[in-house]
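Note sheet for the following structure.
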There are 2 protein chains.
Amino acid sequence: MKEKLYSIGEISRLANVSIKALRYYDKIDLFKPAYIDPDTNYRYYRDSQLYHLDLIKSLKYIGTPLEEIRLAQELDSEELLTFLEKQEKQVREKIDFLLNIEQSITNVKKGMQRQLEYPSLGEVYVVEEEEVRIIRMEAEGMEPESLFNASYSKLKMLIESTDGFTNTSYGAMFHFEHYANLKDISYMYLFSPVLSKNQISAVTPDFELTTIPKGKYICIAFHFSPENYLRNLQKLTKYVGDHQFQPISDIFEFFIPIHYSPKKQEEFRVEMRVRVAETGEEPKKN
Amino acid sequence: MKEKLYSIGEISRLANVSIKALRYYDKIDLFKPAYIDPDTNYRYYRDSQLYHLDLIKSLKYIGTPLEEIRLAQELDSEELLTFLEKQEKQVREKIDFLLNIEQSITNVKKGMQRQLEYPSLGEVYVVEEEEVRIIRMEAEGMEPESLFNASYSKLKMLIESTDGFTNTSYGAMFHFEHYANLKDISYMYLFSPVLSKNQISAVTPDFELTTIPKGKYICIAFHFSPENYLRNLQKLTKYVGDHQFQPISDIFEFFIPIHYSPKKQEEFRVEMRVRVAETGEEPKKN
């Protein structure tokens with residue numbers, strides 16, 4: 001069989017590789033013309049060389065550096081199979097990384113969506129909540145007045161050890177009772193809702209993986225200020241008492257930034273909720 | 001509540017962000033100290049600023065450029081939700097892209113594995129094959145002597161329109177009969193095994209999506225040369241006749257490069273197979 005020769009332009013069209021790339025592949029000895037016309041310096045390629053571009057293009061597509069492609073060309077079939085197994089593993093790692101990010105974004109979005117659909121601030125309401133998985137750590141007696149952004153540092157560190165995409169809301173837990181003063185409140189736990197499966201596997205003995213269970217909750221949300229804090233907490237506990245709900249959990253408090261602008265004064269929304277026993281009959285709302 | 005101030009070193013430890021990054025964030029107005037000591041030029045940050053780093057770190061992690069992060073800081077809650085939806089969509093596109101590559105690598109590997117586990121060359125054997133999905137195009141009467149690498153250009157173009165990761169093996173189909181001369185063979189179709197779902201959606205009217213069906217096949221594989229080609233083809237057709245198999249398909253021919261080294265002479269393996277009727281009783285092997 002007499003073999004066809006193609007010009008660089010023909011190869012470019014046949015293989016869908018730019019002339020510029022073909023010239024470069026020649027220069028770096030990746031894909032060289034079979035023949036160069038000594039008079040014109042035109043490059044000519046044999047038809048049977050064409051399949052070499054399959055490997056080059058495939059590996060380039062998955063991000064293999066040209067230098068590594070040149071090494072891959074010299075592999076025998078078994079070695080090439082091992083090479084592809086390695087590539088496949090790397091692709092899978094990238095996929096898992098992105099799946100985790102996707103899951104985290106979805107969960108952060110869910111939390112934000114919930115905030116946006118919130119009933120009016122400063123009003124108690126009753127709602128059926130889904131289970132929320134949380135990671136918590138002991139608050140070691142911290143109080144609202146001593147609770148800082150920095151108090152969450154250890155918890156955030158844990159989460160960041162697996163996930164670079166973090167929560168927009170963090171929380172704290174304290175006993176349900178009627179408080180007369182802010183100083184009477186003592187936090188038992190600080191927590192963060194779980195965003196991804198990776199976070200679950202990272203939990204160390206300093207932390208505890210648990211849930212805010214599915215059930216009926218009495219809730220209130222408000223714009224944070226020290227005065228608002230006590231007033232709204234009292235509104236919540238009074239509502240529970242007035243309506244003879246039976247509280248069966250601690251109070252879960254969520255702290256949510258309203259914006260992230262460094263140009264504006266920081267503003268936070270607080271949401272508090274306490275789980276109550278199901279009664280079969282819903283008490284009337286205020 | 002009197003607010004804590006932190007030095008840059010303290011913020012670095014609390015938020016797990018390098019001092020170098022914090023200095024840079026200051027310089028580009030992304031995260032600025034609340035106070036700079038006029039005597040020492042030391043930077044101090046308020047505790048309530050700390051949560052700003054949550055957004056910065058999260059978006060940096062998913063690859064958002066710093067300039068875009070600065071814009072995201074000024075978004076209100078609804079806009080931030082829309083922004084995250086966009087990020088989520090981009091992450092999903094990357095995942096789909098990688099899933100397709102993964103599927104392609106897996107299928108190429110499967111084909112290579114099959115070749116490596118092949119019985120000895122030049123010997124006919126009987127095997128139960130799984131269904132193979134293929135994309136085929138009319139060969140317009142091409143013959144073994146006029147079949148070039150370039151003949152597959154159109155088929156490869158179609159595949160590359162969706163997948164950058166391409167096959168290592170391509171094929172051709174011709175009628176099953178006893179051939180006395182190479183010149184008597186006329187190809188009906190050229191084909192490529194389907195590597196990914198994307199390829200299926202790309203099929204245009206010039207091409208046909210079909211299968212090499214699951215079933216019993218009589219096969220032979222050999223090192224390509226024009227002489228080997230006719231001799232092995234005859235061996236295959238003779239075997240089918242001698243053993244009274246009833247051929248129920250065309251001959252499927254696969255062309256597989258043995259290596260991709262530009263330093264060595266090109267070498268190809270050819271595999272031919274024809275499907276035969278199931279008989280309930282397996283004829284004895286030679």
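Note: hydrogens, waters and symmetry copies are ignored here, and every other heavy atom, side chains too, is used. Note on naming: letters A, B, ... go to the chains in the order of the sequence lines (proteins, then strands), and numbering restarts at 1 for each one.
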Testing the basics here: between [X] and [Y], what is the closest heavy-atom pair and its distance to 0.1 Å?
| X | Y | answer |
| --- | --- | --- |
| Y51(A) | K156(B) | CA-NZ, 4.3 Å |
| S77(A) | M112(B) | O-CE, 3.6 Å |
| R13(A) | M157(B) | O-CE, 2.8 Å |
| K109(B) | E88(A) | NZ-OE1, 2.5 Å |
| E74(B) | S261(A) | OE1-OG, 2.7 Å |
| I105(A) | L84(B) | CG2-O, 3.7 Å |

Please classify the contact of [X] with chain B as side chain, backbone, both or neither, using a heavy-atom distance under 4.5 Å.
| X | value |
| --- | --- |
| L30(A) | backbone |
| A150(A) | both |
| Q115(A) | neither |
| L116(A) | side chain |

Revision key, fill the gap. Of the listed F31(B), Y6(B), Y170(B), the one with the largest count of heavy-atom pairs under 4.5 Å with chain A is Y6(B)
Review point. Of all of K94(B), R92(B), H259(B), Q87(B), which one pairs up most often with chain A through heavy atoms under 4.5 Å apart?
Key: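 It is R92(B).
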What side-chain donor-acceptor pairs closer than 3.5 Å can you find for residues 59-67 of chain A, not counting sequence neighbours?
residue, atom, partner, partner atom, Å
T64(A), OG1, L59(A), O, 3.1
E67(A), OE1, R70(A), NH2, 2.6
E67(A), OE2, R70(A), NH2, 3.1

Practice item. Give me the contact list for residues 159-168 of chain A versus chain B, heavy atoms only, anything under 4.5 Å, ordered by residue number. Key: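 Within residues 159-168 of chain A, near chain B: E160(A), T162(A), D163(A), G164(A), F165(A), T166(A), N167(A).
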Review point. In terms of heavy-atom proximity below 4.5 Å to chain A, should I11(B) be classed as side chain, backbone, both, or neither?
Key: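 For I11(B), there is no contact with chain A at all, as no heavy atom is under 4.5 Å.
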Review point. Side chain, backbone, both or neither: which part of E10(B) has a heavy atom under 4.5 Å from chain A?
Key: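 For E10(B), neither part sits under 4.5 Å from chain A.
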Revision key, fill the gap. dist I56(B):CD1 -> Y260(A):OH (nearest 0.5 Å) comes out at 10.5 Å
Point to revise | Short side-chain to backbone donor-acceptor contact, S48(A) and N149(B), under 3.5 Å | key: no
